[in-house]
Number of protein chains: 2
Amino acid sequence: MKKKTTLNDIAKTLKLTKVSISKALRDHPDISEQTRIKVKQLAQEMGYRPNLIARSLTSSKSKTIGVVVPKIAHNFFAHVVGGIQKIADKYDYEILLTVSDENEELEKQHIESLVAMQVDGLLVSVSMETKNTEIYQWIREMQIPLVFFDRYIPDLGFNSVIINDKEAARNGVEEMIMRGSKKIAHLAGYEHISIGKERRLGYKDALEKQGIEYDPSLVVEGGFGENSGYHGFKELASRGVEFDSIFAVTFPVGLGSYIAMREVDANMIDNIAMLAFGDSGVRGILPYPRYYVDQPGMDIGKKATELLLKEINGVVEPENKLVYMDTQFVETGKNFPVSEKNLLMT
Amino acid sequence: MKKKTTLNDIAKTLKLTKVSISKALRDHPDISEQTRIKVKQLAQEMGYRPNLIARSLTSSKSKTIGVVVPKIAHNFFAHVVGGIQKIADKYDYEILLTVSDENEELEKQHIESLVAMQVDGLLVSVSMETKNTEIYQWIREMQIPLVFFDRYIPDLGFNSVIINDKEAARNGVEEMIMRGSKKIAHLAGYEHISIGKERRLGYKDALEKQGIEYDPSLVVEGGFGENSGYHGFKELASRGVEFDSIFAVTFPVGLGSYIAMREVDANMIDNIAMLAFGDSGVRGILPYPRYYVDQPGMDIGKKATELLLKEINGVVEPENKLVYMDTQFVETGKNFPVSEKNLLMT
DNA sequence: CTGAAAGCGCTTACAG
DNA sequence: CTGAAAGCGCTTACAG
């Protein structure tokens, strides 16, 4: 790499000192109109760009946000990251993006190196493996701003931007029941992860409200990816219990179960109704899931980033607040008519 | 934010100097066994983490890679970013991710600020608006390592990791013809973007090879997003020309055209065969596109990153080399049987 | 209006 | 084996 031109380079050819150059470039009132113009012109000619690393070191602000997502190649998280980007752009922050791949150790390592890189704050969605909260307690002690999104750990003193998982699950399952579902299986997420726990509670609530008895043999617990859905369905099928519908904890789980379903009995596809959290990103075109809870990924990303920036600027205090984003129950091809206004505007 | 402990903090409580601490922590042979142990223990207790910003300033290596993608909430790019991450993790680099949103000006701004942040190298996929190449020439002059992926600008002296767009398009269109397509419309991308130009050339080649006359009224030029597909189809339909098949330059274009198709005549859906570059990420389940060119997003990301790291380490010279990644022609539900081994392993 | 001094947290090269 | 010096590129606070 070629050597970049520095304040000193400009200073020398102008027989001034780097301090004056620094001031001139930042329109400091100290500097006279004419030298300011002269300086800026030369800076331009010499292709000067401030070294932001050096600036960070003096200002102890890096204008950088660290992000940890469990997965990136998944519709929902990709949209969240898109939202984060939009707000970051607006306020002139850059994003250090890391992916935990649902791995607790990787998550911890990434957080540590982001902190070592002096990010001004962190945005994290917890991996499905994470059980040890030490690293987060340390972040809290260090008073490093952090906002959770989608998957959070409660009672650690951090704000979280999430959807109302329990409520949305209850509503979704009730809608299925009103549309004729009688025996609804649940491919559930781990209980120790917020979304797994809450969605399952919503499922139970819906059954109770509709006077249907909760049957544990209709529930299979697992992770949040396609593999879990695939094996979850196989497990379910092997139990020999009857069901006419499935509530999948995430879209990937629904997708995995659908693939398993094809193998077990292709006819099921038309006869088993499926509800999932999240969609494929190809709205209304995919026949599965028949019903889904539309999660506003981009809005979650935006909101979480705005909140984090407020904490960074000391406008908002970190606490255990949960900020809920609205979701929508969608019946494929019905209340989401495919038309121009639903284009993703890309 | 609480003040982090520094080398000096450790030095003081140990009545040593920061230099010795620095050496001790990095296992420099200068330091005696016992003080090394003492230092490390105290560092641990005091929760010391090196300030990577400071280290960057002295070492003039930031261990950071800047990435510019046109879109992030799109299956293909999300997979590419996933691949970039994997390799970055492996070699202990962090990723500064930016999104140009297909906007030339934003792209330029992001590149400038990434350079100002002293990234060790850049990975970029050019926005569909980009016509001015000045910023890239400057990058070249500054000898900052840069590798293009998917969408590149030729003859600027950078290596690019791409698919063989022309070849894959030719092959795909020929496959359609062999399956009975006779009049294939093309929703094409802009000519000034590599993938737009090459895919169109492939389309023409296929027609020629199969003895079908090229008909300009079957080609609509536009961008690479859903909107372009939507309006492209409407334009096509308005021309009153006959066609039995569509070749869409990207998956989003195919999706947009499909939505428009539904509006114009829902029956078309079963009668018009569609070929697109890229898929939905929900392999084999979506009825559209009937045919697609499977683009190995993750592999492209990995390969581009590996190449970039080699340039950063001076092992590979930047030149105008094009590295091609393999693609595969897929007929939905046919040569991509839905089964466990096709799970995305998530 | 311009400059000399000090410092951000670290590393490298040179003394002792 | 330990330390004093110098520097990475910038900014802040204080003199003149």
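Chain letters run A, B, ... following the sequence lines, proteins first and then strands; every chain starts at 1.
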Next on the checklist: When the P atoms of D:dG7 and C:dA4 are compared, how many Å lie between them, rounded to an integer?
Outcome noted: 16 Å

Checklist entry - With no hydrogens and no angle check, is any side-chain donor or acceptor of B:Asn320 less than 3.5 Å from a backbone partner on B:Gly157? => result yes

Item to check | All stems with DNA chain D, defined as three or more consecutive Watson-Crick or G-U pairs under 3.5 Å | outcome: C:1-3 with D:14-16, C:5-12 with D:5-12, C:14-16 with D:1-3

Next on the checklist: Considering only residues two or more places apart or on different chains, which pairs with a residue in residues 297-315 of chain B satisfy side-chain hydrogen bond (donor to acceptor under 3.5 Å, both in side chains)?
Outcome noted: B:Asn159-B:Glu311

Next on the checklist: I need the full list of side-chain hydrogen bond (donor to acceptor under 3.5 Å, both in side chains) pairs touching residues 12-24 of chain B, with sequence neighbours left out, sorted by first then second residue.
Outcome noted: B:Ser22-B:Arg26, B:Lys23-B:Asp30

Checklist entry - Is the closest side-chain heavy-atom distance between B:Arg151 and B:Phe224 below 4.5 Å? => result yes

Item to check | Phosphate contact (D:dT2 OP1 or OP2) by B:Thr35 side-chain N/O below 4.0 Å | outcome: yes

Item to check | By ring pair (Phe, Tyr, Trp, His ring centres under 6.0 Å) - contacts of A:His192 (at least two apart) | outcome: A:Tyr190

Item to check | A:Tyr48: ring pair (Phe, Tyr, Trp, His ring centres under 6.0 Å) partners, not counting sequence neighbours | outcome: none

Item to check | Candidates B:Lys108, B:Glu102, B:Glu107 - the one meeting side chain to side chain donor-acceptor pair (under 3.5 Å) with B:Thr130 | outcome: B:Glu107

Item to check | Short side-chain donor-acceptor distance under 3.5 Å, B:Glu94 and A:Ser113 | outcome: yes

Item to check | Touch class at under 4.0 angstrom, heavy-atom based, for A:Ser56 against every strand present | outcome: nothing

Checklist entry - Counting any heavy atom closer than 4.0 Å, what does B:Ser60 reach on the DNA or RNA strands: base, sugar-phosphate only, or nothing? => result nothing

Checklist outcome for this item: With sugar-phosphate taken as primed atoms, P, OP1 and OP2 and all else as base, the protein-contact string of nucleotides 5-15 of chain D at under 4.0 Å (heavy atoms; B, S, -) is B-BBBBSB---

